[in-house]
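In what follows, a single structure is set out as structure tokens and then discussed.
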2 protein chains.
Amino acid sequence: MAKGKDWQRLMGYRENPRPGGRSARVQAAVHQSVRDMLATMDRADVTIPLIAQRANVTPSTIYRRWGDLQALLADVAASRLQPEGEPARIGSARDDLEAWVEQYADEMASGVGRRMLRDILSAADGANAEKCSGYTQHQLAVLIARAEETGEPFPTQTELMDHVISPIIYRILFDQAPGADYVRELIAKVMPEGALKGGSARTSRATR
Amino acid sequence: MAKGKDWQRLMGYRENPRPGGRSARVQAAVHQSVRDMLATMDRADVTIPLIAQRANVTPSTIYRRWGDLQALLADVAASRLQPEGEPARIGSARDDLEAWVEQYADEMASGVGRRMLRDILSAADGANAEKCSGYTQHQLAVLIARAEETGEPFPTQTELMDHVISPIIYRILFDQAPGADYVRELIAKVMPEGALKGGSARTSRATR
DNA sequence: TCCACTAACGCAAATTATTTGCTTTTGTGC
DNA sequence: GCACAAAAGCAAATAATTTGCGTTAGTGGA
């Protein structure tokens with residue numbers, strides 16, 4: 001089994017060799033089918049033949065295009081994890097950050113989010129994982145750019161990834177869900193000295 | 001397919017229902033078989049029938065006991081990730097911590113370590129992931145206890161998990177390997193104020 | 001030590017998933 | 001339009017998974 005493990009690379013089946021109508025339709029139908037099935041039935045019962053049937057596609061099409069179920073699930077998860085827009089503008093850069101990270105943590109810690117994370121990480125090809133991490137970094141970059149514009153003191157991207165995102169993801173993957181106040185504490189810790197929360201003292205949580 | 005998804009729980013097949021001779025032998029043979037195969041062949045070619053053959057066991061035995069390949073791989077990975085002993089005693093508590101974390105990061109970032117991590121995370125049952133995180137926390141607890149004995153200032157377990165272990169694991173899972181100096185920087189950041197590195201200034205790396 | 005009990009294993013048939021060679025459809029560039 | 005080839009469909013061949021039932025062998029009690 002699994003002889004042609006990486007033909008996807010061997011024959012450059014990558015991104016846009018022929019993105020025209022039919023291919024795109026098949027891809028959309030298959031993705032939709034996967035999303036539907038994940039929403040309605042237990043993940044252990046989701047199989048490629050079933051996905052294919054619901055998508056009105058032949059199983060071999062899926063096998064040839066994605067390789068195996070894990071790769072397909074990872075692909076679907078990665079596309080669902082792609083942010084729909086930029087972080088909301090609430091108020092100060094820090095407020096925006098807090099709001100965004102809280103929502104991020106909630107999404108990732110939810111049942112579906114957690115499973116998507118795992119799907120992405122368990123794929124043989126790490127491309128989707130990198131893509132997913134890239135999305136996060138991009139969102140943070142937007143927040144950082146805003147802070148720069150207004151001159152507000154703000155953590156660097158590395159600090160945010162290492163000390164806010166990483167602990168959140170670790171907890172989700174290995175233990176349990178991080179709560180909203182835990183997230184705020186993480187943020188408080190990486191904010192540069194002198195950056196105030198609202199109008200009060202640094203560690204205060206009175207405002208809001 | 002996969003009808004009896006979680007019979008392992010339904011009928012309490014858990015840890016020690018009957019750990020006597022034969023069961024233990026089968027478990028050892030299967031684990032060994034998996035380790036051998038992972039070492040010699042491509043992971044995509046590792047199948048349950050092959051594992052069974054090499055372990056001189058019937059495939060259905062493996063299916064009934066572990067459920068599927070992912071669960072088996074996660075089980076093997078978790079047992080390989082179990083630390084063999086306590087962290088080495090090098091010198092100061094901080095030196096011990098640095099040495100231990102560096103080795104931890106190296107192991108996890110290596111090809112095998114990375115794959116084991118992913119195996120553990122991709123299993124449907126999160127028990128192995130928790131177990132694995134528990135090992136890490138236990139090792140850290142030992143280091144913390146030592147620091148307490150000698151009265152050296154030391155980070156808390158939460159600080160270490162959140163700001164040293166988490167960023168390392170995140171990088172391994174999503175991006176690339178963390179280097180030794182990156183690891184030392186993380187440690188430097190969580191050491192309490194006033195804790196000196198070797199005999200010199202805090203951020204110095206002259207010693208050692 | 002022997003015996004009853006049953007968890008766990010082995011075997012083999014039935015089912016289901018995966019691979020593969022070949023044909024057909026259909027975007028794409030000229 | 002037309003030629004080209006990428007991607008899809010189809011179906012047969014292969015391989016993995018499930019399952020029912022018989023057998024083996026730890027475990028606890030007499």
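Note on naming: letters A, B, ... go to the chains in the order of the sequence lines (proteins, then strands), and numbering restarts at 1 for each one.
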Worksheet item: How long is the line joining CG of B:Asp45 and P of D:dA16, in whole Å?
Response: 10 Å
Discussion item. Please pick, from D:dA16, D:dA8, C:dC9, the nucleotide with the shortest atom-to-atom distance to any side-chain atom of B:Thr61.
Written reply: C:dC9
Worksheet entry | Atom-to-atom span, CH2 of A:Trp66 to P of D:dA7 - whole angstrom | 12 Å
Show the distances under 3.5 angstrom between N or O atoms of the protein and N or O atoms of nucleotides 2-4 of chain C.
none

Item to complete: Hey, could you give me the CD1/CG distance between A:Ile120 and A:Asp125, rounded to the nearest 0.5 Å?
Response: 11.5 Å
Discussion item. I'd like to know whether CD of B:Glu86 has more than 12 heavy-atom contacts from other residues, nucleotides or ligands below 6.0 angstrom.
Written reply: no
Worksheet item: So does B:Gln32 have more than 12 non-hydrogen atoms from other groups sitting under 6.0 Å from CD?
Response: yes
Fill in: Nucleotide nearest A:Val26 (side chain, heavy atoms from C-beta), chosen from C:dC9, D:dA8, D:dA16
D:dA8
Response to the item:
Correct closest heavy-atom pair for B:Asp68 and B:Ala71 would be OD1-N, 2.9 Å
Fill in: Presence of donor-acceptor pair under 3.5 Å, side chain of B:Ser23 and base of C:dC9
no
Discussion item. Nearest whole Å is fine: how far is C:dT16 C1' from A:Leu69 CG?
Written reply: 14 Å
Item to complete: Could you state the atom-to-atom distance from CZ of B:Arg22 to C1' of D:dG26 in whole Å?
Response: 8 Å
Discussion item. Between A:Ser122 and A:Arg118 (side chain of the first, backbone of the second, donor and acceptor by atom type, cut-off under 3.5 Å), is there such a pair?
Written reply: yes
Item to complete: Calculate the interatomic distance between B:Tyr63 atom OH and C:dT15 atom C1'; express it in whole Å.
Response: 13 Å
Item to complete: Would you mind reading off the distance between B:Gln53 atom CD and C:dG10 atom P, rounded to a whole angstrom?
Response: 14 Å
Item to complete: Indicate yes or no for a side-chain donor-acceptor contact from A:Arg184 to the backbone of A:Glu98 under 3.5 Å, with no hydrogens or angles considered.
Response: no
Worksheet, complete the sentence: Rounded to the nearest 0.5 Å, the NZ atom of A:Lys131 sits from the OG1 atom of A:Thr136 at a distance of 13.5 Å
Worksheet item: Expressed in angstrom and rounded to an integer, what is the separation of A:Leu50 atom CG from C:dA17 atom P?
Response: 6 Å
Worksheet, complete the sentence: When rounded to whole Å, the CD1 to P distance for the pair B:Ile48 and D:dT19 reads 14 Å
Item to complete: Check every atom of C:dT26, D:dG26, D:dA16 against the side chain of B:Arg25 and return the nucleotide holding the closest atom.
Response: D:dG26
Discussion item. For C:dC11, does the base pair up with any side-chain atom of B:Ser60 as donor and acceptor (N or O, under 3.5 Å, distance only)?
Written reply: yes
Worksheet item: If you check every side-chain atom of B:Thr58, which of D:dA8, C:dA17, C:dG10 has the closest atom?
Response: C:dG10
